[in-house]
Amino acid sequence: MFVVRPVELSDIASLEELATVTMPGVHTLPRTHGEIAASVERSIASFAAHVDIPSEESYMFVLEETATGSIVGTAAIHASAGSNGTYFSFRNDVIQQVSRDLNISHSVHALTLCSELTAYSQLSGYYINDRANAGIEAALLSRARLLFAVLAPHRFGDRFFVPLAGITDNRGQSPFWDALGRKFFKMDFLDAERVIGGARNRTLIVELMPHYPVYVPLLPGDAQAAMGQIHPDGELAFSLLTEEGFEADDYIDIFDGGPILQAHKNSLRTFGASMVRRVAVAEDGAASEAMATYAIAASSEQNFRAITVACPAAESDDIVQLPASALDELMVAPGDNVICVRI
């Protein structure tokens, strides 16, 4: 069994071990000991905080294999993007150009630096070991963040977005960056990512990036082709997010041109299909034909736990029957409430 839970100080060493793996397709994951420790401490403080409106809180989760106690994945959600500054992205614009003298009117695709995603809630830092063979625990890790948002809606905004890493070559270089960002930052893509720590809210972005529209037809062909494309490492996350209800829209990442998916919470499956049910211990010999698989989260902000479990279908009843082992992992007792979403 796998359980998703808030990160703890004791997880730092395991997260450092995860960070030693080459992860070119995840630019929002902390990598160094200092970054990891700071993220863990910030998350612990965020879970403990009494929140009225979304602010600087950042919640980090880990995926634990219960049989071994190993940490095999991590993911995060930020209450308000750009809470430590303005969140910058490129907006896809269409500029109308008109010449009355030549009687010409046409549209030009342009990119405009903008801060419109600031204050949206942001999903980030999704990583799981052995993506190629991952099972439903991969979906659990991604969805658990939204289950927590269902549980504590006052901690998050009504709109969410997810930046996905864009195309890079086998040397870690980005054709989109080489065509645009490099000209203003005067450094390689990987060096720029290290300087900025994967963030998109640093003042130096607005200091260095162009404030005028960038005409896409003037970019090299490989840079244009990379716009809105996902790094192969991000395909699993993309699949899970689109199944959830996220869509690529009008924005791309300012560094590598990767897509930014977004959605209103009312269009997300976890919000629309989640059910609150009281826990009961499953009776022996429950009818197998009535079984269904759910992602289930303990209904507690401070002791959040989420698992996947096959149990009797719960849509038509006010209870959900779970094995005793599931109650133990969720740290709940019969009669407690849980949140269920069918997988």
Side-chain angles (χ1 to χ4, degrees), residues 2 4 23-29 59 61 63 73-78 81 87 89-92 116-117 120-150 153 156-168 174 176 198 200 224-275 292-297 306 308 339-343:
F2 294 87
V4 175
M23 294 176 287
V26 190
H27 63 70
T28 54
L29 193 67
Y59 308 92
F61 300 85
L63 177 67
T74 182
I77 182 170
H78 307 283
Y87 188 94
S89 62
F90 276 135
R91 183 182 63 236
N92 279 304
E116 293 163 8
L117 297 177
Y120 282 36
S121 293
Q122 177 188 355
L123 280 67
S124 72
Y126 178 85
Y127 178 77
I128 188 169
N129 279 346
D130 195 15
R131 292 181 303 278
N133 298 307
I136 57 174
E137 72 275 9
L140 173 67
L141 176 61
S142 181
R143 175 166 286 165
R145 300 170 291 183
L146 296 174
L147 283 169
F148 183 69
V150 170
F156 301 95
D158 288 337
R159 298 197 67 90
F160 296 81
F161 77 91
V162 193
L164 295 177
I167 295 294
T168 53
S174 160
F176 184 80
R200 298 295 185 262
Q224 294 186 46
M227 289 173 49
Q229 299 303 304
I230 304 163
H231 192 283
D233 285 357
E235 291 291 346
L236 173 61
F238 176 78
S239 175
L240 294 171
L241 291 165
T242 52
E243 287 175 10
E244 178 66 43
F246 282 93
E247 296 180 345
D249 202 348
D250 299 327
Y251 305 93
I252 63 171
D253 185 75
I254 56 175
F255 272 35
D256 58 24
I260 296 177
L261 311 184
Q262 57 172 316
H264 190 281
K265 68 179 184 181
N266 291 342
S267 66
L268 294 175
R269 190 162 160 254
T270 295
F271 281 85
S274 61
M275 311 173 294
T293 301
Y294 296 92
I296 298 182
T308 57
I339 298 172
C340 311
V341 180
R342 188 187 282 243
I343 293 180

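Note that the coordinates shown come from a computational prediction; the quantities given were computed from them, not determined experimentally.
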Is the number of heavy atoms from other residues, nucleotides or ligands under 6.0 Å of Glu247 CD greater than 12? no

[X] versus [Y]: any side-chain heavy-atom pair under 4.5 Å?
{"X": "Arg143", "Y": "Ile343", "value": "yes"}
{"X": "Phe2", "Y": "Leu141", "value": "no"}
{"X": "Gln262", "Y": "Arg159", "value": "yes"}
{"X": "Met227", "Y": "Asn92", "value": "yes"}
{"X": "Ile252", "Y": "Phe176", "value": "yes"}
{"X": "Thr270", "Y": "Glu244", "value": "yes"}
{"X": "Ser174", "Y": "Phe255", "value": "no"}
{"X": "Leu147", "Y": "Val4", "value": "no"}

Among residues at least two apart in sequence or on other chains, which ones pass salt bridge (charged side-chain N to carboxylate O under 4.0 Å, His left out) with Asp249? none

For Arg200, check salt bridge (charged side-chain N to carboxylate O under 4.0 Å, His left out) against everything at least two apart and list the hits. Glu193, Asp253

How close do [X] and [Y] get, heavy atom to heavy atom, and via which atoms?
{"X": "Met275", "Y": "Tyr294", "result": "CE-CE2, 3.8 Å"}
{"X": "Ala306", "Y": "Ala144", "result": "CB-CB, 4.1 Å"}
{"X": "Leu140", "Y": "Ala295", "result": "CD1-CB, 4.2 Å"}

To the nearest 0.5 Å, what is the distance between CZ on Phe246 and CG on Leu146? 5.5 Å

Quick one: sort the Phe156 and Phe148 rings into parallel, tilted or perpendicular, breaks at 30° and 60°. perpendicular

Go through Tyr87 and Tyr251 one step at a time and tell me if the ring pair (Phe, Tyr, Trp, His ring centres under 6.0 Å) criterion holds. CA-CA 12 Å; Tyr87 188 94; Tyr251 305 93; 9.6 Å; no

Criterion side chain to side chain contact (heavy atoms under 4.5 Å, CB included) on Leu241 and Leu123, from CA distance to verdict: CA-CA 10 Å; Leu241 291 165; Leu123 280 67; 4.2 Å; yes

Is a donor on one side and an acceptor on the other found under 3.5 Å between the side chain of Tyr126 and the backbone of Ala138? yes

